[in-house]
Amino acid sequence: MAIKDILKQNLKGVEALVRGWVRTRRDSKEFSFFELNDGSSVKNLQVIADATLPNYQEIVKINTGGAIAARGRLVESPGKGQAVELRADEIVIYGAADPAAYPLQKKGHTLEFLRTIAHLRPRSNTFGCVFRIRNTLAFAIHKFFQERGFLYVHTPIITASDCEGAGSMFRVTTLDPAAPPRDEKGAVDFSQDFFGRQSFLTVSGQLEGETYATAFSRIYTFGPTFRAENSNTPRHLAEFWMIEPEAAFFDLRDNADLAEDFLKYIISACFENNMDDLEFLAKWYEKELIPTLRHIVETPFERITYTEAVSLLESSGESFEYPTKWGSDLQTEHERYLTEKRIKKPVVVTDYPKIIKAFYMRNNDDGKTVAAMDILFPRIGEVIGGSQREERLDVLLGRIREMNLNEEAYWWYLDTRRYGSVPHAGFGLGFERALQFCTGMSNIRDVIPFPRFPGWAEF
RNA sequence: UCCCCUGUAGCUCAAUCGGCAGAGCGGGUGGCUGUUAACCACUAGGCUGUAGGUUCAAGUCCUACCGGGGGAGCCA
């Protein structure tokens, strides 16, 4: 029986079997108190082991980290601090944890230390909360799109195109790094590699996603994504999960509406499923977590154009390290001013200058801007980046040539514009960034089970 | 990759001006107790990140490297 259900229903007077890991144990004269956690909730169940139990001598040797099963009757607790407790008739010891060696204490640890024991940290309160919320968010994402007729597409992890244009990529190869085959010019001969050409881990499923959107109307991807950037920040990972919906017949406004509904939906799911976890995280990490999340669900996002954003910044009276100038990208300090000081809620910034955005974004009639949108959140910055896509073949080809991209490499992508091209739009959501926001965790390395970042691939 | 801060017991941290390396928690032993991050007593636990340098003397000052944190860039 899950401890969560026992506590939620306040079950009393019934027999129960609970199994889990001991958070702490205290001895009294005639019995021992266990705090048992099975991962179903941040809350523990108190288990009373009477000294008359046949294996009591073994029981009192169990410390923090040990795994046990307890069978007995749920009763009203005479002590303070819990309404219900389990009076054990039988305790089975699965595995002890040597108290001198087990690194998790019942006191608080720093997140930095817990990161060095990423295989044990899910047994801590904090990471229990974080990963229950991660589960809620992942499920809510599927539910949101499925309820709206979006088809889940598995775009490839390995890609042969080095033209996805979103940062450096990890190479995938079976060639011997010490002695790769060479061509006449001495360059590495990738025609002898596994795929007969160079291949990499994907940095985005968008281009493939667009091909499916022009068949199924509405699709989304949800999978791992890889960036080989030497980024050392609390907001970047080398391996992370990304959600990329793509919808035919959507324009930029439809896209922004979808993104806003989507974010509100998945945050609401946390309130429905993880109130205990949110309260724990709010208490220890981010005091304003719950009001902040509630505010986001309840109020419409602010929508401004890039041009309006620049004038807001120019008239702000703030002294920025980087001056704001129409045509250069918004700096982190600018985004934080907009979301945290000026507007104080998520901001959808649209219609960026085309010179700072990707080739596939739809050209606006002004000839200067494209139908791009970024959704900026307080504290963590860009959560969503998206756009309406350029569906006009001639305009798209013009952009590819203008940016000196390899036209032939895009032959299959361009076919979507050659045959039955339609207006369409989509966006990318960084799953871990959304999770950071929902949990209040300030470092992205603490919201993924085993983080990968420059210099670290342990576990 | 750049800038700033930082590294002392298993964990969290002290150590004044450069002058004997300490505490709390955790561990062990004993005691007490319907206990709540229990309490009381005793106890073990250290190449002060690594390598050099300055000095009679370095945890402390200097240099380099390594790890961690924050900020920036790149982005989701």
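In what follows, every heavy atom counts, from backbone to side chain, and hydrogens, waters and symmetry copies are set aside.
- Side-chain contact check for A:Phe427 versus A:Ile384: some heavy-atom pair is nearer than 4.5 Å.
- For the pair A:Arg433 and A:Pro234, nearest-nucleotide mapping onto RNA chain B gives the more 5' position to A:Pro234.
- The gap from the P atom of B:rA37 to that of B:rG27 amounts to 15 Å, rounded to the nearest Å.
- For A:Thr233 and B:rA72, the shortest distance from a side-chain N or O to OP1 or OP2 is not below 4.0 Å.
- Comment: A:Asp251 does not engage A:Arg389 in a salt bridge, judged by the lack of any side-chain N to carboxylate O separation of less than 4.0 angstrom.
- The distance between atom CD of A:Glu35 and atom P of B:rU36, rounded to the nearest whole Å, is 11 Å.
- RNA chain B is contacted by both A:Phe453 and A:Leu330; A:Phe453 maps to the nucleotide lying nearer its 5′ end (nearest heavy atom per residue).
- Nucleotides B:rG19 and B:rG24 have their C1' atoms positioned 27 Å apart, rounded to a whole Å.
- Among the protein residues, A:Gly108 comes within range of the nucleic acid bases, having at least one heavy atom under 4.0 Å from a base atom.
- In this structure, B:rC62 is classed as anti because its glycosidic torsion departs from zero by more than 90°.
- Residue A:Ser77 is in base contact, counting any heavy-atom pair closer than 4.0 Å across all strands shown.
- In this structure, the nucleotide among B:rG28, B:rA72, B:rA76 sitting nearest to the side chain of A:Pro99 is B:rG28.
- Residue-level contact check: A:Asn232 touches the bases, meaning some heavy atom is under 4.0 Å from a base atom.
- Rounded to whole Å, atom C1' of B:rG73 lies 12 Å from atom CD of A:Glu335.
- At the heavy-atom level, A:Glu30 lies nowhere under 4.0 Å from the strands shown.
- Atom-to-atom, CG of A:Leu7 to P of B:rU36 comes out at 19 Å; the value is rounded to the nearest Å.
- The residue A:Arg23 sits apart from the nucleic acid: no heavy atom pair falls under 4.0 Å.
- Put simply, A:Phe240 rests on the base of B:rA76: the two rings are less than 5.5 Å apart at their centres and nearly parallel, under 30°.
- Applying the 4.0 Å criterion to OP1 and OP2 of B:rC11, one finds that A:Lys106 has every side-chain N and O outside that range.
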